[in-house]
Protein chains: 2
Amino acid sequence: MIGGSELERLLRGAALRVTRPRVAVLAAVRDHPHIDTESIIGVVRERVGAVSHQAVYDVLRVLTTAGLVRRIQPAGSVARYEARVGDNHHHVVCRSCGAIADVDCAVGFAPCLTAADDAGYTIDEAEVVYWGQCTDCARQGRTGPAAEQRTVHSHEQPT
Amino acid sequence: MIGGSELERLLRGAALRVTRPRVAVLAAVRDHPHIDTESIIGVVRERVGAVSHQAVYDVLRVLTTAGLVRRIQPAGSVARYEARVGDNHHHVVCRSCGAIADVDCAVGFAPCLTAADDAGYTIDEAEVVYWGQCTDCARQGRTGPAAEQRTVHSHEQPT
DNA sequence: CTCACTTTCTGGAATGAATCAAGACACCGG
DNA sequence: CCGGTGTCTTGATTCATTCCAGAAAGTGAG
């Protein structure tokens, strides 16, 4: 394995072995913000051919642990992954279709960690999820619960 | 079914039939803030005797839909339920043991719904989860991932 | 009180997201 | 090239939640 792409450098930089499934998973997550596990599996298989779902789960776990990928799981939803890491951003989730979009932090890192009353806990992260309805569902008059779409929607890339 | 307890009045007020499983579930959730489904099942069975787990799930769904109970599901956790509804409070979750505590909203209802950039979404709720470590785990030097304790902890009632 | 309608619960089954585990295979440093 | 060790394959399993047909219970009207 000589030289290599940016993704390979990212993996090596995180002291991870460079494998085809890993490169493919990382690429899939970078290309599709907030993508769910099953979709990743689909995209990876298109790129690399047969890859077991267990391998994908393992890769995602490793990438998440290494900080190359972030895992989010809004209530009632399967796990989703994004490549935007290391900044203090939040998410807005559509109650109807499950679409997710990034939202920048409004108050800044330090204030964000200051709860009115932290109950004695040592807080290290404030996760904010804004729940509402996306423009597509609003336009189509959808009021049902999240359909948990597993296809990649174009409106998941507004940021 | 004559007269009745406060719980019965609550149920009737929500146009729900009063059944023993429902009363028991509602009591369990009120007595144990942030209790998970399996624990509810255990508590209900102690109170009423054999109750199917399907019944408990159905009751929780009905109570949640009626607004008598609130369902929360921090990332990586099973569903938890609480009786504190109708106010704008948030939660702090312990990464080590999974304990959850209430945290009052620091900014007020309206500001809370104002995202820096809402990506065109119509926002109706801002869910804030503060992640950190509780005093018990900090004292015991625990750093492992949430053990997802299913027993009822006394330190889940600081508020 | 009785009865009938409708809802709720029982008991069995199913789903799907994620994980476990043994062993074959691939990566990569010496 | 080789060997050590991590990673992926393949088969299996777990578990939280939901589906479903029918029996049982709640309750309002007469």
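Quick note on labels: first sequence line is chain A, next is B, and so on, each numbered from 1. Values below: every heavy atom of this structure, side chains too, minus hydrogens, waters and symmetry copies.
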ask   = Between B/R71 and B/L16, which is nearer to the 5' end of DNA chain D once each is assigned its nearest nucleotide?
value =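 The residue closer to the strand's 5' end, by nearest nucleotide, is B/R71.
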inquiry  = It should be established whether A/T37 places a side-chain nitrogen or oxygen under 4.0 Å from OP1 or OP2 of nucleotide C/dA18.
reply    =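 Indeed, a polar side-chain atom of A/T37 lies that close.
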key: Side-chain N or O of B/T19 closer than 4.0 Å to phosphate OP1/OP2 of C/dT7   =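 No, no such contact exists.
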ask   = Between B/T37 and B/V78, is a side-chain contact (heavy atoms from CB on, under 4.5 Å) present by the stated rule, with each step listed?
value = CA-CA 8 Å; B/T37 315; B/V78 296; 5.8 Å; no
request  = Take A/L68 and A/L11 through the test side-chain contact (heavy atoms from CB on, under 4.5 Å) and record every step on the way to the result.
outcome  = CA-CA 8 Å; A/L68 295 184; A/L11 288 167; 4.0 Å; yes
Touch class at under 4.0 angstrom, heavy-atom based, for A/V51 against every strand present =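 It contacts sugar-phosphate atoms only.
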ask   = Considering only heavy atoms from C-beta outward, does the side chain of B/I100 approach that of B/I72 to under 4.5 Å?
value =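 Yes, close enough: below the 4.5 Å cut-off.
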query = Tell me, do A/Y57 and A/H53 make a side-chain contact under 4.5 Å, heavy atoms counted?
reply =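 Counting from C-beta outward, A/Y57 and A/H53 do come under 4.5 Å.
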Round to a whole Å and report the spacing from [atom1] of [X] to [atom2] of [N].
{"X": "A/L60", "N": "C/dA17", "atom1": "CG", "atom2": "P", "result": "14 Å"}
{"X": "A/R12", "N": "D/dT7", "atom1": "CZ", "atom2": "P", "result": "13 Å"}
{"X": "A/I40", "N": "D/dC8", "atom1": "CD1", "atom2": "P", "result": "14 Å"}
{"X": "B/I41", "N": "D/dT17", "atom1": "CD1", "atom2": "P", "result": "9 Å"}
{"X": "B/L26", "N": "C/dT8", "atom1": "CG", "atom2": "P", "result": "14 Å"}
{"X": "B/R20", "N": "C/dT10", "atom1": "CZ", "atom2": "P", "result": "11 Å"}
{"X": "B/L11", "N": "C/dC9", "atom1": "CG", "atom2": "C1'", "result": "15 Å"}
{"X": "A/D36", "N": "C/dG16", "atom1": "CG", "atom2": "P", "result": "14 Å"}

Distances under 3.5 Å only, N/O to N/O: pair up the protein atoms with those of nucleotides 3-5 of chain C.
none

query = Taking DNA chain C as the partner, which of residues 52-59 of chain A come within under 4.0 angstrom of it by heavy atom?
reply =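 Per residue number, the list reads A/H53, A/Q54, A/Y57.
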inquiry  = Show, in sequence, the C-alpha distance, side-chain angles and deciding distance for A/L63 and A/L16, and conclude whether the side-chain contact (heavy atoms from CB on, under 4.5 Å) test is met.
reply    = CA-CA 9 Å; A/L63 295 181; A/L16 297 178; 4.1 Å; yes
request  = State which residue, out of A/R30, A/H32, A/H91, fulfils the side-chain hydrogen bond (donor to acceptor under 3.5 Å, both in side chains) condition with A/E82.
outcome  =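 Option passing the side-chain hydrogen bond (donor to acceptor under 3.5 Å, both in side chains) with A/E82: A/H91.
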inquiry  = Closer than 4.0 angstrom, basic N to acidic O: yes or no for A/E127 and A/R70?
reply    =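 Here A/E127 does not pair with A/R70 in a salt bridge, since their nearest N and O are not under 4.0 Å apart.
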message = So does A/A79 get a backbone contact from the side chain of A/R71, meaning a donor-acceptor N/O pair under 3.5 Å?
response =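 Checking the backbone N and O of A/A79 against the side chain of A/R71, no donor-acceptor pair under 3.5 Å is found.
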message = Between B/T65 and B/R61 (side chain of the first, backbone of the second, donor and acceptor by atom type, cut-off under 3.5 Å), is there such a pair?
response =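 Flag set: sc B/T65 to bb B/R61 pair under 3.5 Å.
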ask   = More 5' along DNA chain C: A/A79 or B/R22, using each one's nearest nucleotide?
value =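 So the residue in question is B/R22.
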